[in-house]
2 protein chains.
Amino acid sequence: MTNTSASRRDIPDATVARLPVYLRVLRALSGRGVDVVSSNELADAAGVRSAGLRKDLSYLGSYGVRGVGYDVERLSEEITRELGLQSDFAVAIVGMGNLGRALADYRGFATRGFEVRWLIDNDPALTGIHVGALAIVDFDGFRPAADESVIGVIATPPHAAQAAADALVARGVRSILNFASEPLDLPESVAVRKVDLATELQILAFHDQRTRPEPAPLVEVPS
Amino acid sequence: MTNTSASRRDIPDATVARLPVYLRVLRALSGRGVDVVSSNELADAAGVRSAGLRKDLSYLGSYGVRGVGYDVERLSEEITRELGLQSDFAVAIVGMGNLGRALADYRGFATRGFEVRWLIDNDPALTGIHVGALAIVDFDGFRPAADESVIGVIATPPHAAQAAADALVARGVRSILNFASEPLDLPESVAVRKVDLATELQILAFHDQRTRPEPAPLVEVPS
DNA sequence: GGGTGTGAAGTTGTTCACAGCT
DNA sequence: AGCTGTGAACAACTTCACACCC
């Protein structure tokens with residue numbers, strides 16, 4: 001809802017969630033000098049089915065050539081544009097515990113169009129300390145320009161997550177990646193994605209328990 | 001498919017993915033001395049709709065009381081049992097870079113039934129070094145008992161992920177949480193979940209770009 | 001031949017709305 | 001009266017299969 005204004009073309013959420021994966025594969029191919037790829041090869045490398053891949057790409061338009069495949073460069077650009085990644089996004093990480101520091105140093109961001117530009121923590125003992133090339137600031141030191149897009153990453157302890165989110169939103173952040181297990185209560189207009197590590201493990205635990213091979217591989221006694 | 005043996009009751013994947021969230025909320029309620037909760041309150045705290053919550057819980061059986069709500073303790077136990085979390089799971093983290101170290105120290109695991117028991121890295125310069133109470137070992141030092149369930153967490157650089165996964169599986173691991181962006185090629189019998197941080201950011205970028213308020217909200221003079 | 005693009009069918013997940021129990 | 005449990009309607013997503021084009 002709230003979808004009042006024009007929503008360009010309507011790309012399903014499930015598709016949007018896979019576009020970054022395709023993009024990564026395409027860039028790897030491009031780096032290896034490949035310039036045409038079939039839906040089968042691409043799907044394989046991305047871990048999806050080829051029919052699904054073709055359907056996903058069809059939402060962007062027709063960028064493939066029948067009997068041949070997709071132009072790697074062209075498709076790459078198209079997805080980049082669709083995801084809005086032509087210009088770099090700035091990232092602000094809140095919470096400089098272990099996880100926050102690890103994220104601050106994470107190499108994968110820069111290579112995919114994200115620049116970590118602020119490290120925020122309200123603990124006065126931490127402000128001023130450098131992590132990599134950046135100094136930790138408190139929220140007063142976080143003043144993004146009104147026209148720049150900043151993605152906020154919450155890596156605080158659970159009880160501080162809501163306050164961190166509110167502070168980010170108050171300063172114009174409209175997209176948040178939340179590592180705290182606490183669900184955030186925010187305006188509809190703010191996009192939130194959650195990564196809860198313990199939840200992921202629990203989901204795996206469920207499947208593990210369900211596919212346990214034998215009931216109890218005890219004993220081997222004859223008798 | 002491959003669904004040869006009995007699959008107890010059939011709980012939808014989407015429901016399984018939410019059970020851990022409910023469980024966390026229930027435990028928090030329990031800690032605050034609450035002993036009955038309605039689907040509305042629980043749904044609210046978990047960030048879902050009440051009808052959906054009730055449907056989810058209905059897959060576990062009928063543990064609510066009409067006109068009253070759910071017994072917090074009872075439901076907690078039921079979900080715990082269903083997820084297979086009665087006994088602790090052991091976790092092995094592979095790749096002791098920034099992310100691996102952060103995960104090794106992550107407090108959220110222990111409180112949710114997971115014990116990090118192995119820290120693995122094949123770099124000889126790292127083996128023997130302690131991170132918290134555990135020493136880093138190489139794969140030769142990873143010898144879980146045949147009957148214990150271990151969840152493997154891959155926090156290596158992308159190019160090492162497949163080899164790490166293969167090594168885990170060769171030692172009996174059947175559940176893997178993969179932080180590397182590389183998709184893993186593994187037998188069907190191994191459950192894999194992927195957490196790709198850059199992908200999450202890119203999905204947010206898409207939404208951000210799409211909901212940008214005005215073309216250019218300039219002016220207003222600060223100084 | 002080879003591989004894309006896409007309606008149609010099938011599957012899975014969500015929401016509604018109300019019967020039924022306490 | 002209040003709140004759960006659930007069939008039934010609905011919506012989203014996936015897979016199939018084949019027409020169509022190079």
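A, B, ... follow the sequence lines: proteins, then strands. Residue 1 opens every chain.
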Could you give the [atom1]-to-[atom2] distance, from [X] to [N], as a whole number of Å?
X: A:Asn40; N: D:dC16; atom1: CG; atom2: P; result: 13 Å
X: B:Asp44; N: D:dC3; atom1: CG; atom2: P; result: 14 Å
X: A:Leu75; N: C:dG3; atom1: CG; atom2: C1'; result: 15 Å
X: A:Tyr70; N: D:dC21; atom1: OH; atom2: C1'; result: 13 Å
X: A:Leu57; N: D:dT14; atom1: CG; atom2: P; result: 13 Å
X: B:Glu41; N: D:dG2; atom1: CD; atom2: P; result: 14 Å
X: A:Leu53; N: C:dG5; atom1: CG; atom2: C1'; result: 12 Å
X: B:Asp56; N: D:dT4; atom1: CG; atom2: P; result: 14 Å

Classify the ring geometry of A:Trp118 against A:Phe142: parallel below 30°, tilted from 30° to 60°, perpendicular beyond 60°.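 Aromatic pair A:Trp118/A:Phe142 classed perpendicular.
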Between [X] and [Y]: side-chain donor-acceptor atoms closer than 3.5 Å:
X: B:Ser76; Y: B:Glu73; result: no
X: B:Thr80; Y: B:Gln86; result: no
X: B:Tyr106; Y: A:Asn98; result: no

Are there more than 12 heavy atoms of other residues, nucleotides or ligands under 6.0 Å from atom CZ of A:Arg107?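 Counting neighbours around CZ of A:Arg107, 12 or fewer heavy atoms of other residues, nucleotides or ligands fall under 6.0 Å, so no.
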Show the numbers, then the answer: is there a salt bridge (Lys or Arg N to Asp or Glu O under 4.0 Å) between B:Glu77 and B:Arg74? CA-CA 5 Å; B:Glu77 282 164 24; B:Arg74 179 85 195 289; 5.7 Å; no
Can you pull every protein N or O that's under 3.5 Å from an N or O on nucleotides 8-10 of chain C?
{"from": "C:dA8", "atom 1": "N6", "to": "A:Lys55", "atom 2": "NZ", "distance (Å)": "3.4"}

Below the 4.0 Å mark, does D:dC3 have OP1 or OP2 next to a side-chain nitrogen or oxygen of B:Ser39? no
On the nucleotide C:dG3, are OP1 or OP2 found under 4.0 Å from the side-chain N or O atoms that A:Tyr63 carries?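 For C:dG3, neither OP1 nor OP2 has a side-chain N or O of A:Tyr63 closer than 4.0 Å.
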Of all the nucleotides listed ([options]), which has the minimum atom distance to the side chain of [X]?
X: B:Ser38; options: D:dA17, D:dT4, C:dT22; answer: D:dT4
X: A:Asp13; options: C:dT6, D:dT15, D:dC13; answer: D:dC13
X: A:Ala14; options: C:dA19, C:dT15, D:dC13; answer: D:dC13
X: B:Arg54; options: C:dA17, C:dT4, C:dG20; answer: C:dA17
X: B:Ala51; options: D:dC21, C:dC16, D:dC13; answer: C:dC16

Between A:Thr15 and B:Ser58, which has a closest nucleotide on DNA chain D that is more 5'?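 It is B:Ser58 whose nearest nucleotide is closer to the 5' end.
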Is any N or O donor-acceptor pair between the side chain of B:Arg66 and the base of C:dT22 shorter than 3.5 Å?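 Result: no qualifying N/O pair found.
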Could B:Arg112 and A:Asp196 be called an ion pair, given the rule that one side-chain N must be under 4.0 Å from one carboxylate O? yes
